Amino acid sequence: MEHQVFVPVPADSLRAVLRDPARVARCVPGLQQDADAESGPLSGRLKVRVGGNTVTYRGALSITERQPDVFAVDGEGTEIRGSGTVKLSVVLRLTTEGDGSRLDFTAGATADGRAASFAPEATVTAVRRFLDRAAEHLAAAAVLSDPVAESEEAADAADAADAADGDPGDVGEVVASVFEAEVPPPALDPFLEGEIEELAAPRPPAEAAHARRTMIGRSAEEVDHAPPRGRYAPVPAPASTSAGQNLRWLAPAAALAVASAVVLGRALRRRH
């Protein structure tokens, strides 16, 4: 099929966009680029709407400049949800008309799967709508300057201006003044130790400190090391009995046992 679109943009501006694959990728309607930079800017997912049906393909496009005003676009893709494939080829010719340009498209494609079941009239309408939107995006990209190229050109111009305006003599004087400047002493300079001690407040004598402690009460160390009181006080361990205490109670018990044995022996003799 053939299709024509007029855009109010010079052919030179359109040609500059078509020579940059990254800018062409932003002009393809419904193209979602892959995150992998090695696959190229014209690879990814392309969503196509035909009538009431929508099909998403994964594939890649390639653009070739055959002549200064003739560009060829070839591509192929596979359905994301299915096994259908599509191959297309588009030839774009730029022609200057007044203050704008005429874009002549010559497109052809072969498809199977879901695309093969679409009605021919619906397919032609969808392709024409797709080419119209692509031409509009191409014209908008040609009118708008490339921000990446502008930033690179501005950086190069700034570097060139700095190199042209720079004076080695001035730089040497600035460096010398920086290194010859007097560096102030640090805050912990040992030579200032005496001055710091003179500025420090005098310490009170030991008697005054003892009196202050007596008036205030126990010191913080005594409070920290003091045992807790009340219900939080530790339970005292049971007192351990020594060997002398055990022997002191053992002697009366032995004497009592001997006396009981003697009395029992006398009682038994009287019975016999």
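As the structure is a prediction and not an experimental result, all values here were calculated from the model.
Between Arg114 and Thr54, the shortest heavy-atom distance links the atoms NH1-O, 3.5 Å. Taking each heavy atom of Cys27 and Ala141 in turn, the nearest pair found is SG-CB, 3.8 Å. Nearest heavy atoms, Tyr57 versus Ala115: OH-CB, 3.3 Å. The two residues Leu14 and Ala139 come nearest to each other via the heavy atoms CD2-CA, 4.1 Å. Across Val5 and Ala135, no two heavy atoms sit closer than the pair CG1-CB, 3.6 Å. Closest of all the heavy-atom pairs between Ser101 and Phe6 is O-CD1, 3.3 Å.
Under the side-chain contact (heavy atoms from CB on, under 4.5 Å) rule, Val50 has a single partner from Val124, Thr123, Val55, which is Thr123. Each of Thr64, Val91, Leu94 was compared with Phe71 under the side-chain contact (heavy atoms from CB on, under 4.5 Å) criterion, and only Leu94 meets it.
Around atom CD of Glu65, more than 12 heavy atoms belonging to other residues, nucleotides or ligands sit under 6.0 Å away. Few gaps surround CZ on Arg102; more than 12 heavy atoms of other groups in view lie less than 6.0 Å from it. At most 12 heavy atoms of other shown residues, nucleotides or ligands fall within 6.0 angstrom of atom CD in Glu76. Around atom CZ of Arg49, no more than 12 heavy atoms belonging to other residues, nucleotides or ligands sit under 6.0 Å away.
With values rounded to the nearest 0.5 angstrom, Leu46 atom CG is found 10.5 Å from Ile80 atom CD1. Considering CG of Leu88 and OG1 of Thr110, their distance stands at 8.5 Å, rounded to 0.5 Å. The CD atom of Gln4 sits 12.0 Å away from atom CG of Leu131, with the distance rounded to the nearest 0.5 Å. From Arg133, atom CZ reaches atom CG of Leu138 across 14.0 Å, with rounding to the nearest 0.5 Å. To the nearest 0.5 Å, atom NZ of residue Lys47 and atom CG of residue Leu31 are 12.0 Å apart. Between the NZ atom of Lys87 and the OG1 atom of Thr78 there is a distance of 9.5 Å, given to the nearest 0.5 Å.
Thr85 and Asp112 share a side-chain donor-acceptor pair at under 3.5 Å.
One hydrophobic cluster, built from ILVMFWY side chains closer than 4.5 Å, cannot hold both Met1 and Val70; they sit in different ones.
The backbone N or O of Leu256 lies less than 3.5 Å from a partner atom in the side chain of Ser260, making a donor-acceptor pair.
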Derivation of the side-chain contact (heavy atoms from CB on, under 4.5 Å) call for Val90 and Phe105:
CA-CA 7 Å; Val90 179; Phe105 294 96; 3.9 Å; yes
I would like to know whether Val143 and Val9 meet side-chain contact (heavy atoms from CB on, under 4.5 Å); could you show each step before the answer?
CA-CA 7 Å; Val143 172; Val9 178; 3.8 Å; yes
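Using a 4.0 Å cut-off between charged nitrogen and carboxylate oxygen, Arg58 and Asp34 count as a salt-bridge pair. Looking at Arg93 and Asp69, no side-chain N of the basic residue comes within less than 4.0 Å of a carboxylate O on the acidic one, giving no salt bridge. A salt bridge is absent between Arg129 and Asp132: the closest approach of a Lys/Arg side-chain nitrogen to an acidic carboxylate oxygen does not fall below 4.0 angstrom.
Side-chain atoms of Pro29 and His137, non-hydrogen and from C-beta on, do get closer than 4.5 Å to each other. Put simply, the side chain of Val7 reaches to within 4.5 Å of the side chain of Leu103, judged on heavy atoms.
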